[in-house]
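Reviewing the structure listed below.
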Amino acid sequence: MGEWSIAAAGTAGQGVQTIGEVITVAARKQGYAVFSWKEYESRIRGGQNSYRIRVSEDPKNAPVERMDIVLALNMEAAEKYGFLVKRDGLLLAPESSNKNALAMDFQALANESAGKKIFANAAAAGALAAAMGMNPQGVKSELAARFTEKGAESVAGNESAFQAGYDHAMALCKERRTPSIPDRDQRPEALTNVHEAIAIGAAYAGCRAIFAYPMTPSTNIIGQMAARWEDLGVFWEQVEDEIAAINMAIGASYAGARAMTATSGGGFSLMAEGISLAGMTETPLVIVLAQRPGPATGLPTRTAQGDLQFALNAGHGEFPKIVLAPSDPKEAFHLTVKAFNMADKYQAPVIILTDQHLSDAHFTQDIHPEESEPEYHLARDCENPPYRRYAITREGISPRMYPGQSEHLVCADSDEHDESGHITEDLFNTAPAMAEKRLRKIKAMEREIPEAFTHVPSKSEIILMGWGSSGNALFEAAEQLTQEGRRTGVIHFTHLWPFPELPPLQGEKLFSVENCAFPQLARLVRQETGLSFTGSVLRYDGLPLTGTYIRDLILESL
Amino acid sequence: MGEWSIAAAGTAGQGVQTIGEVITVAARKQGYAVFSWKEYESRIRGGQNSYRIRVSEDPKNAPVERMDIVLALNMEAAEKYGFLVKRDGLLLAPESSNKNALAMDFQALANESAGKKIFANAAAAGALAAAMGMNPQGVKSELAARFTEKGAESVAGNESAFQAGYDHAMALCKERRTPSIPDRDQRPEALTNVHEAIAIGAAYAGCRAIFAYPMTPSTNIIGQMAARWEDLGVFWEQVEDEIAAINMAIGASYAGARAMTATSGGGFSLMAEGISLAGMTETPLVIVLAQRPGPATGLPTRTAQGDLQFALNAGHGEFPKIVLAPSDPKEAFHLTVKAFNMADKYQAPVIILTDQHLSDAHFTQDIHPEESEPEYHLARDCENPPYRRYAITREGISPRMYPGQSEHLVCADSDEHDESGHITEDLFNTAPAMAEKRLRKIKAMEREIPEAFTHVPSKSEIILMGWGSSGNALFEAAEQLTQEGRRTGVIHFTHLWPFPELPPLQGEKLFSVENCAFPQLARLVRQETGLSFTGSVLRYDGLPLTGTYIRDLILESL
Amino acid sequence: MSDNSNLFDIDVPSQWCPGCPNFTILETLKKSFTALGLKPQDICLVSGIGQAAKLPHYIKCNFFNGLHGRALPVATGVAAANPMLKTVVTTGDGDCYGEGGNHFLHAMRRNPDITLIVHNNEIYALTKGQASPTTRSGEVRALNPQGTTAPPFNPLAAAIISGCTFVARGFTGDSAQLAELFQAALTHEGLSLVDVVQPCITWKPHPLQWYKDRAKRLPDDHDPQDRASALAMAMEMEETFYTGLYYRADPSPAFAGSCHEQRAYLPMAEQQGLSLEKTRALLQ
Amino acid sequence: MSDNSNLFDIDVPSQWCPGCPNFTILETLKKSFTALGLKPQDICLVSGIGQAAKLPHYIKCNFFNGLHGRALPVATGVAAANPMLKTVVTTGDGDCYGEGGNHFLHAMRRNPDITLIVHNNEIYALTKGQASPTTRSGEVRALNPQGTTAPPFNPLAAAIISGCTFVARGFTGDSAQLAELFQAALTHEGLSLVDVVQPCITWKPHPLQWYKDRAKRLPDDHDPQDRASALAMAMEMEETFYTGLYYRADPSPAFAGSCHEQRAYLPMAEQQGLSLEKTRALLQ
Ligand SMILES: Cc1ncc(C[n+]2csc(CCOP(=O)(O)OP(=O)(O)O)c2C)c(N)n1
Ligand SMILES: Cc1ncc(C[n+]2csc(CCOP(=O)(O)OP(=O)(O)O)c2C)c(N)n1
Ligand code: SF4
Ligand code: SF4
Ligand SMILES: [Mg+2]
Ligand SMILES: [Mg+2]
């Protein structure tokens, strides 16, 4: 048993995506778990991008730093990504540049075998399959499947070039230790993606409408709704700006529809006033904030966890909100259902934090939808007429009906209001009572927040605390450190607000691990618990945290 | 020596404002310090509002809970504000309602004496002057001064009605203990207002342009610029929305002008993206956030300190910002100059937090402008050509030139960029180095943040921690508590971010005192210091904190 | 119930100045609802913030009184979620053409089934008298002591060029016509705009007579089907404001219409989410 | 320097697709600057976010590359602060008419001295092919697999009705005309709009030929002084897009003009703040 990490790199348009996808699918069909992710520039053509694949027998759903094989489709890619190759790894590139490099002129191979240079990426795929020690038939038939639409000539050309690349590399690779991926008699779990899980989870949770404005890396959520409209049945609208998006979602939600929006940092900034509106009017609302490095436009196609404190505090004035952060598609699915349930129950905005890494990564992981259930909280009728939208109750939750449901009128107001929803200027009773009523909901919400996920073996020396996207990387780092004699535990937050309980700690050294530059989780934990941190592992180069990255920085700082 | 608290209350349009103003000016001319504030409904006519005046020999620049005299111009006002009267105080109203009330039909008095009911408020002013024991000539001539424009008839009518009210009340008041305000041979300090001090401070600090959208209670800042354009010389523009406001201010600032904007919570929410832009492009920017109770529209004409955490965290991504909060006009003036100086020096957004209370209150306080000096940091020339707008330096501060200044080109970018201002995709060096450069400025900023203002007598049992607007109320509460045997100290924050140093504490009981419902200062202090609070004194009814309010709640919670 | 009372009366004290022409809009709207046989539960009023935007509080029906400038998107969400509601936006010139300008522009294109009533008093009344987008150039306002310089925004022309199929202007001084316009707008499918000239008697951008002198019904021979001449009339703003129905075309397909049809006009609140089975299948 | 090179060339690698018509806009703009005798330091380009909005990076001059949708307000601030700069906005149809729609609307009224160049490719190119406000109805885009339903926004008509005094449309297929329009716009006082039809060759909302078939220069007898006919021509959008100068009127007073005059066109960066003496007096 082993695991293999591969990168395919090249210019946008050169076929990196295709290579990555066929290898992924073929490896899965051979019985392996695959984790893949992408990193790419903010442009449509050109630049150098890479598609990373991790193949293993059991799912290993986290990115890694170094690769067994890097396939570079051009020499700039080789230049840019060559350093990724492990000491005993392999660089496959058009020309040889260092001792780990195998030179293969993919274009020449394609030209010779298939008569056209444009089959170069098929030749490269063949070379990669050979270097990985994959079953070439599998990759070949995936390749064929993708090109049947383009006609027999295209399929044949791809096939010949693939074979040429494969043969050539087999000959060259013999002397080299390369990964080997023999057929396995095992079906891996499903291949899943976080934003897809959110879209499907939302549909399952009864979401009826999404309003959004395109913004990387959030666009694929509304993209799923649009492309899979027949399946998901969620109404979607691309709107004129993010302010419209959140206000339309609020309008739809007020009118009784489960509704959502999705955006990234800049768009989320523009939504702050709307979040406050949802807070005041007590309108359920689910907002996905897919983070990317800021400030401002920042690095639009890269990843970060730099919006935590902003998400926690977004919107003027004081009102309850809920902040959740999945680390994988399974959590994403279940937290999405929970987000809709809680938004509905507590009549409050719920923010789901993801990021570019989660947006583009694919996980090997089964999701069992039946583990979550949509719960609906709209009042079917008014129990104590006259109906008052903001009736003051013990827990702060008022029965919510929708306009047009019956003769009970639903009156919502962004001004401070009385129980019936009308503007109040009564500072003695109504106004403070309403503020209290809204904040009282926090107490009730807290009961649905589980203790932070904690895996701290006794006698641990170190605890790594992280949140959201870095979950699996944290565990890999802890495992590595523990194996190296530094017993390490993990506390991982998928629920960030209301802030969860922590287990009692035993004086372990605490490190926050964050995909940003200015520790935000550490500040939150200290604010809520008074705990002090020994340090923080921070990554702010636009790339995701990995086990090795964390381990290295922890060892450095001990 | 004593002090007197007065409220004049009535419907908008009934002359409450005039009465308040003439009494204020007349009392000052008699040699007294006056503190005044207002509370009013969010409507143009009607409703019940009050003008509160505190008269004392030495300045007492804080609101109080209870009044020696409440003048109610109508019976609803008497109903609404009667409870404000101290046990031994006096209610002056058209009809008598309780034992403390003196009934005086102001309209009848006006009609009898001046032939017209519309002089009723002059009669009421006369009654108030009598009840207060003021020099009637002073009040009368202030009244006359305000009506000369309207002609001799109006002046005469006001005078007669005033005299009638005065005489009538003098007769009635004899048996009652009333305040007495004899002439004093002393000129009080100037009568000042926080938003006026900010406008003048900005002009003095070299602000050349303000862009804003009307929003209570911030509008009077741009209002000062517009009304006093000839004096202040600051270019002003009312814009289409708050997003335009902040982006125009950023454009002007990029172009070398000291520029600002002012808004309240909802507008500030809309500015969050622009704040992030200022952070990324390193453009100096001063934003006044005049708080009012939220969320959403909330109580538009009331006061609160509910936007602290939002202001600290506004804008996606990570970048240095500065947050300041004056408690009076003097601090407002000097912090405004500092805001422009620091914005310019650190090329970062600076937020000045005020609130409705400060916006409408008038203080007796001299401001000495020479105690602050505008410092200009634009580079006069490029020392090491080629000019690079984002040159990486030890402190993180790059020389800033303005476009058109010379042949050196000034290139600013909201994407992550290289030193010359061009988009970068270099994740290995440029991007993280730029993030570090920006955050490094925080270290330098910290040196200009003084230790939190601390007055903690040794052996104090209690420390009250507050910020911004509540400053004087905190001190009055501490004084009262100390006098009552509970030795109490004060820590008051005018600088909130970068977070100032605190003096070493001795285990006193800590209470945060906040004009909001969900302790925000307490969370901030805990996040930064780990300190725990015994409790919080919170006020969230839209009214300002007072010494008595704080004292009462502290005693309750001990 | 007295003679004047109606189904839509509600006992909420008004925050408007006594005598404000906003009351005319309010009463005319209530009467129009009655005339059309609507009931309070059939209607959803959506507003932003301003004097105008307080209207929903004074009428018995469902309402959402949202943020300054954001009435149209909220109403669009309401209209998407429940096609059975009569969704009406009541807003001011600042709310709709200032802070909310972008939504105005795009609502015209999107065409949700909404009646949009703008109380156009050429001023920001609630914030005490600043210029609004419809203030004429040269006029003095709170923040323009020397007079504004920009020409006014022309909402009728903007609506006509953007595909709106019902564009009208009313005047509070002509409540008979206003009632007609409201009723026509309320029955028009898709977005209908009624910009109402509403003098503010407190900040008095102009004396009432000024408005009376300038308001004129559109000439009898004006053909509301003729887009070019509607546009030409809308561009006439200097000395006269014509009131009446400028432009009316066959309704374009309304926003979300095909989705509503497909769901048999069931409110989204009553629709089912994705079944467990289908969810499971999609997650494979 | 080679023959083609010019003062405004800069050695920054382009992020545009090879062959994109954006390059025509870029080169034409550089040549127009040269033709007008401008130098890099005289110019300030302001942009938002999008493919179009990357243009400032490829030209040697001052620039501010701001937020998506917010180029116009930033440029307005620049123009207010330094009237000596030639302020030019380069933006996309999404940037300017979508996210930035409200600023577009009000910039037309405010009339800052800015040249506004919109790369109108009828698509959101950088975010991978969604519909933009100028996408024609019925066209398929990334988030409209069944085709868009809203009619396109008409920027020329919107500008004309809002008081803009220079309204033109260019086409990247006619760079000679484009150069003329740019030069005329750059020398026009106040806001000038050049909406440029810019086919995107990667997302291909239409093949290049489609554009060539439809672009036509305005008829010779078109009189750009005639607002009504300019508006009528602008409303023709179906089958042809006319290119050229639709409308040009005597410049209205530019934003902040009287302030600039009063300060003798001194950049605000060089102006003095309130003196200590005067400050002291005002604080009494
Ligand atoms: C985001 C935001 N900005 C500003 C305001 C302040 N504000 C409230 S009402 C208003 C103007 C209202 O003008 P208009 O819509 O014309 O209504 P009117 O009062 O004239 O009827 C403004 C600027 C606000 N509430 N929210
Ligand atoms: C607030 C915000 N919302 C969304 C985006 C994402 N975004 C970047 S460019 C763009 C569209 C650009 O379209 P256009 O202006 O037409 O330029 P093009 O790429 O077509 O040249 C969008 C939606 C953003 N950067 N910021
Ligand atoms: S301020 Fe003007 S618009 Fe508002 S209620 Fe009073 S009269 Fe009407
Ligand atoms: S995506 Fe289209 S608009 Fe953008 S650079 Fe490529 S061809 Fe040009
Ligand atoms: Mg108005
Ligand atoms: Mg475009």
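Numbered from 1 within each chain, the chains take letters A, B, ... in sequence-line order. Worth saying up front: this structure is predicted, and the values here are computed from it rather than measured.
- Top candidate by heavy-atom pairs under 4.5 Å with chain A, chosen from C/Cys259, C/Ala81, C/Pro73, is C/Pro73.
- Here the straight-line distance linking atom CG of C/Leu105 with atom CD of A/Glu240 works out to 8.5 Å at 0.5 Å rounding.
- Contacts between A/Ile200 and chain C at a heavy-atom distance below 4.5 Å involve backbone atoms as well as side-chain atoms.
- When heavy atoms are compared at a cutoff of 4.5 Å, A/Arg228 approaches chain C solely by way of its side chain, counted from C-beta outward.
- With respect to chain C, the highest number of heavy-atom pairs below 4.5 Å among A/Gly206, A/Ala255, A/Ala412 belongs to A/Ala412.
- Two residues are said to be in side-chain contact when any heavy atoms from C-beta on lie closer than 4.5 Å; C/His103 and A/Ile243 meet this criterion.
- In terms of heavy-atom pairs under 4.5 Å with chain A, the best-connected choice from C/Gln262, C/Gln271, C/His57 is C/His57.
- Neither the backbone nor the side chain of A/Glu189 comes within contact range of chain C; no heavy atom of the residue lies under 4.5 Å from a heavy atom of that chain.
- You'll find the ring centres of A/His422 and C/Phe63 inside the 6.0 Å limit.
- Rounding to the nearest 0.5 angstrom, the gap separating the CG atom in A/Asp413 from the NZ atom in C/Lys54 is 10.5 Å.
- Proximity to chain C (any heavy atom under 4.5 Å) is restricted, for A/Glu425, to the side chain, taken from C-beta onward.
- The number of heavy-atom neighbours closer than 6.0 Å to NZ of C/Lys30, taken from other residues, nucleotides and ligands shown, is above 12.
- Remark: C/Glu277 CD is loosely packed, at most 12 non-hydrogen atoms of other residues, nucleotides or ligands lying under 6.0 Å away.
- To the nearest 0.5 Å, atom OG of residue A/Ser253 and atom CE of residue C/Met268 are 11.5 Å apart.
- At a 4.5 Å heavy-atom cutoff, A/Ala249 makes no contact with chain C through either its backbone or its side chain.
- Among A/Tyr376, A/Phe211, A/Trp229, A/Phe235, the residue making the largest number of heavy-atom pairs under 4.5 Å with chain C is A/Phe235.
- Here C/Ala269 is the residue among C/Ala75, C/Ala269, C/Gly273 with the most heavy-atom pairs under 4.5 Å with chain A.
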Assess the residue pair A/Glu370 and C/Arg280 against the criterion (side chain to side chain contact (heavy atoms under 4.5 Å, CB included)); give the C-alpha distance rounded to whole Å, side-chain angles, the decisive distance to 0.1 Å, and a yes or no.
CA-CA 8 Å; A/Glu370 65 281 3; C/Arg280 199 178 278 131; 3.3 Å; yes
